[in-house]
**Q** 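Right, I'll just put the structure down here and ask away after.
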Amino acid sequence: MPELLKMEKIGASYGSVQVLRDVSLELGSGEVLCLLGRNGAGKTTLLKTIMGLVRAISGSILLDGMELTRLPPHEVPRHGVAYVPQGRRLFAELTVAENIEIGLMTRQKGSETREAVLDLFPVLRERLGQRSGTLSGGEQQMLAMARALATEPKVLLLDEPTEGLMPSAIAKIRETVAALRAHGVSTLLVEQRVDAVLPVADRVLFIENGRSVRTIGVAELRADPAMVRHYVGVG
Amino acid sequence: MAFGPHLLLALLEGLVSSAVLALTALGLSLVFGVMRIVNVAHGEFFMLGAVFAWWFSSMIAGSPALGFLLALVLAPLVVGAIALVAERLVLRRLEYDPEATIVATIGMLYIFEQLALMFYGPEARAVPAPFDFRVTLPWFGYSGYKLAVIAASVLVMLATWYVLTRTRIGLVMRATQYDRETAQAFGIPVGRVYAGVFALGAMLAALAAVLIVPIQQAHYLMGTDPLLLSFIVVIIGGLGSLRGTVLAAVLIGLTEGIVAVFFSPTLAKMLATLFVALVLVFRPQGLFGQAPR
Ligand SMILES: Nc1ncnc2c1ncn2[C@@H]1O[C@H](COP(=O)(O)OP(=O)(O)OP(=O)(O)O)[C@@H](O)[C@H]1O
Ligand SMILES: [Mg+2]
């Protein structure tokens with residue numbers, strides 16, 4: 001698989017505290033790569049560094065051969081990287097329609113994209129005028145996904161999309177990721193729970209104390225569940 | 001004059017103050033709302049607007065209407081440009097830190113004031129009104145220009161409301177206001193939005209000043225009162241609430257007008273301050289602001 005996103009020896013810090021050290025990863029076209037790691041391992045920081053929201057202090061991130069770390073943060077999404085932040089981070093005072101509009105504006109997409117996104121999440125269509133902060137948790141997560149997909153990304157960064165959701169909502173997210181993969185969208189998926197990712201992921205990358213320690217295929221992981229306990233501490 | 005007409009006169013005068021105050025406070029409220037910056041130099045943008053209005057209008061001697069029109073267009077633009085430079089040179093370098101920018105804008109206040117004193121001088125100078133049409137009421141005649149000021153303010157407020165709620169630029173501004181980081185993750189150049197909002201806030205103050213100089217003279221110290229009153233309006237109305245800003249401006253403006261006409265201007269100021277204290281104690285988010293969630 002030709003890699004679409006290639007991260008090499010990335011270091012990142014908040015002030016004087018270095019959080020990421022020499023993190024490397026490769027994401028192929030249409031691949032779902034899952035990041036697993038304990039709380040505070042640096043998974044969110046890793047996604048923010050790709051988005052340029054946290055500045056890389058060393059290393060490089062190439063998207064289709066283009067260096068992302070030198071771009072100002074607002075340019076990164078314009079090149080086709082979409083972000084679904086941990087905790088959703090909707091524009092809570094804005095309506096559902098306005099949140100989607102902001103997604104569409106990122107890469108100047110029109111009503112066709114909007115319709116496609118709403119077809120993917122029909123619940124949102126009934127609530128276009130509702131203030132997004134008043135949506136239920138599951139609906140908010142769908143909106144966060146819809147807002148990101150409205151940019152028609154090449155790479156989708158998902159930070160714990162199933163956090164605090166019911167099994168039916170989790171299934172919906174999983175279906176969406178699978179459907180996107182079928183359309184050739186690459187996904188970097190952060191998850192706490194292995195059972196939530198095994199059905200959709202191609203490979204799994206373990207992050208430990210801000211370092212990328214190991215990448216393995218899903219089949220191999222299934223065969224050796226003890227590995228998860230070793231790196232993540234939970235089964 | 002009988003009580004009824006006297007009251008009408010006080011109301012009209014109050015509405016003129018409200019109109020000018022609403023524009024000035026709106027600028028302050030926008031800057032705080034979107035950038036989370038308390039701009040202590042806001043009154044100086046008002047003062048600069050008045051000074052430039054005098055300067056531009058005096059360039060065309062003989063035709064007050066043309067001179068005023070020139071001032072109306074150019075003074076806000078020049079002040080907006082000055083604000084833009086200040087934003088790039090100072091606020092951006094402080095990374096919009098809430099405390100540091102308060103100190104920095106206090107510094108800007110004194111710099112603008114002293115520059116105005118050096119180049120414009122200590123005199124108070126009037127700008128002739130563009131027209132001196134008087135509206136004849138049964139009890140007294142009233143300045144048509146003052147009525148035009150009220151109308152102009154209403155128009156500008158409506159335009160601002162339209163831009164904020166119905167256009168993409170407004171959407172981008174609101175998204176930046178609610179979550180700056182996520183806005184960046186959706187391609188919004190937050191730095192440029194900030195620069196634009198800061199310039200826009202200054203331009204609103206300058207516009208208010210251009211409207212007032214035919215009524216009140218331009219002077220290098222004239223920024224203090226509008227700054228104080230704008231803070232009062234913004235606190236009462238609730239930060240970031242356009243509706244609250246307008247209603248509070250009308251409330252304060254009318255109270256000023258009526259109390260000043262029937263009692264004394266000092267009592268009017270005391271009442272406004274008392275009202276702020278009450279709001280801060282009983283409804284800190286302002287009458288129309290939303291409590292932080
Ligand atoms: N804004 C910040 N300023 C300072 N330190 C931060 C900041 N954000 C995160 N950190 C620190 O960086 C480390 C990694 O945090 P990060 O949010 O990336 O972890 P995570 O793997 O996403 O954890 P979780 O699974 O709990 O979401 C933590 O030690 C955290 O305290
Ligand atoms: Mg996290």
**Q** Taking B:F46 as the fixed residue, which of B:V20, B:L227, B:V79 is the one that meets the side chain to side chain contact (heavy atoms under 4.5 Å, CB included) rule?
**A** B:V20
**Q** Side chains of A:K154 and A:V81: closer than 4.5 Å at any heavy-atom pair?
**A** no
**Q** Does NZ or CZ of A:R107 lie under 6.0 Å from the centre of the six-membered ring of B:F186, at an angle within 45° of the ring axis?
**A** no
**Q** Given heavy-atom pairs under 4.5 angstrom as the criterion, report whether the side chain, backbone, both or neither of B:R192 touches chain A.
**A** side chain
**Q** Quick one: does B:T105's side chain have a donor or acceptor within less than 3.5 Å of a partner on B:N39's backbone?
**A** no
**Q** Identify which part of A:E98 has an atom lying under 4.5 Å from any heavy atom of chain B, answering side chain, backbone, both or neither.
**A** both
**Q** So which part of A:R89 gets closer than 4.5 Å to some heavy atom of chain B, the side chain, the backbone, both or neither?
**A** both
**Q** Between A:M51, A:M105, A:E75, A:E101, which residue shows the highest count of heavy-atom pairs closer than 4.5 Å to chain B?
**A** A:M105
